[in-house]
Amino acid sequence: MKFYAINGSPRKNKNTATLLQAALDGIRSAGPEGTHETELIHLYDINYQSCLSCFQCKLLGGKSYGKCAIKDELTPVLERLSQADGLIFGSPIYYGNITGKMRSFFERLIFPFGVYDKEFSSLAPRRMPTAFIYTMNITEEMMADWGYKQNLETLEVVIGRIFSTPKILYGWNTYQFDDYSKYKMELFSEPDKAAYRDRQFPLDCKQAFKMGVAMAG
Ligand SMILES: Cc1cc2nc3c(=O)[nH]c(=O)nc-3n(C[C@H](O)[C@H](O)[C@H](O)COP(=O)(O)O)c2cc1C
């Protein structure tokens, strides 16, 4: 079985990537050695465009019906992902939503599968378990006040129609820099952030691991 994690952060070993890695560790641990293959894909390594609204994916009888017609470095990746046994998406929050790179990725992955009918039918070759890991600078309490949940839900509903409703994990109050003394940062206290990271981040990683186990089980 093949499971993928997709990292929508430009940083390859920070908060989002670490949680994704923990989830993949959980997936591998859930089956006998070698049975659950995993791969972490960094979107910022791939050169691709967002949807161009060409509608070739909706053209009846067209050769790209149900598929994205754009040919670039993302094309073979989309093909592999559509045949996966499970997908875990991960993104930092940028201005209350997922990163632009990740949004462009979803336009390409999901829009071609969505049929314009009243049943919201899907042309995806298979349904599969999914999960979404979000990391952000703000705290859980601030997130509740700032409406992020509603911002993120639109995409989660669409993922649900195409593959399955994603399990969600939030990583709040993330530690952003290796050395806070080098950056202007008055809004948040570094000692509070460091204490939260030391106490909470290992627990978040454990949750991500469990999420992986559940996905593979
Ligand atoms: C361009 C930009 C915009 C951001 N916007 C937000 C935001 O709206 N809310 C928030 O809580 N954090 C915001 N952040 C912080 C990141 O979401 C947070 O540091 C995240 O954990 C980074 O993930 P990474 O360590 O995997 O790169 C922003 C960071 C950047 C670079």
Side-chain angles (χ1 to χ4, degrees), residues 3-27 38-50 74 77 81 86-107 109 130-156 159 166-212 215:
F3 298 84
Y4 293 89
I6 298 106
N7 179 23
S9 168
R11 308 199 292 179
K12 289 187 185 177
N13 53 12
K14 289 289 194 242
N15 298 284
T16 313
T18 305
L19 290 168
L20 287 172
Q21 207 47 270
L24 293 183
D25 291 346
I27 288 174
T38 62
E39 186 176 335
L40 177 57
I41 292 176
H42 297 286
L43 291 181
Y44 282 76
D45 279 350
I46 308 171
N47 194 10
Y48 63 91
Q49 2 199 359
S50 50
L74 192 63
V77 179
L81 297 183
L87 299 175
I88 306 179
F89 310 106
S91 183
I93 295 297
Y94 284 5
Y95 298 110
N97 218 311
I98 59 173
T99 59
K101 189 90 177 172
M102 184 138 234
R103 181 160 285 275
S104 298
F105 159 78
F106 274 114
E107 291 170 6
L109 176 70
T130 63
F132 220 127
I133 296 175
Y134 305 105
T135 75
M136 66 202 82
N137 191 29
I138 62 169
T139 62
E140 181 174 5
E141 296 72 30
M142 290 163 92
M143 180 182 162
D145 285 347
W146 291 18
Y148 286 11
K149 204 161 184 296
Q150 291 87 317
N151 297 352
L152 302 170
E153 261 166 14
T154 307
L155 182 59
E156 291 163 8
I159 294 170
K167 301 265 180 286
I168 306 295
L169 192 144
Y170 302 109
W172 290 290
N173 200 6
T174 51
Y175 202 79
Q176 289 189 283
F177 318 114
D178 290 334
D179 182 353
Y180 270 69
S181 69
K182 290 186 180 159
Y183 299 89
K184 179 140 178 88
M185 171 58 78
E186 291 156 3
L187 192 57
F188 291 86
S189 138
E190 190 280 334
D192 287 355
K193 279 233 173 233
Y196 185 89
R197 175 199 56 193
D198 294 347
R199 184 179 74 249
Q200 187 59 40
F201 198 64
L203 300 178
D204 293 343
C205 288
K206 272 197 187 141
Q207 272 306 113
F209 185 93
K210 273 196 199 162
M211 187 184 238
M215 176 176 277

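Remember, it's a predicted structure, so these values are computed and weren't measured experimentally. In each ligand, atom 1 is the first atom listed, and ligand 1 is the first ligand listed.
Geometrically, Lys182 does not engage Phe177 in a cation-pi contact, judged by NZ or CZ lying under 6.0 Å from the ring centre and within 45° of the ring axis.
Taking the six-membered ring where tryptophan is involved, the planes of Tyr134 and Tyr170 are essentially parallel, since the angle between them stays under 30° and well short of 60°. The aromatic rings of Phe89 and Phe132 sit tilted, their planes meeting at an angle between 30° and 60°.
Residues satisfying the side-chain hydrogen bond (donor to acceptor under 3.5 Å, both in side chains) criterion with Asp179, sequence neighbours excluded, are Ser181.
The two residues Trp146 and Ile138 make their nearest non-hydrogen contact at CZ3-CG2, 3.7 Å.
Within 4.0 Å of ligand 1, the residues that place a heavy atom are Ser9, Arg11, Lys14, Asn15, Thr16, Pro92, Ile93, Tyr94, Tyr95, Gly96, Thr135, Met136, Asn137, Ile138, Tyr148, Thr174, Gln176, listed by chain and number.
No hydrogens or angles considered: a donor-acceptor pair under 3.5 Å links the side chains of Thr16 and Thr135.
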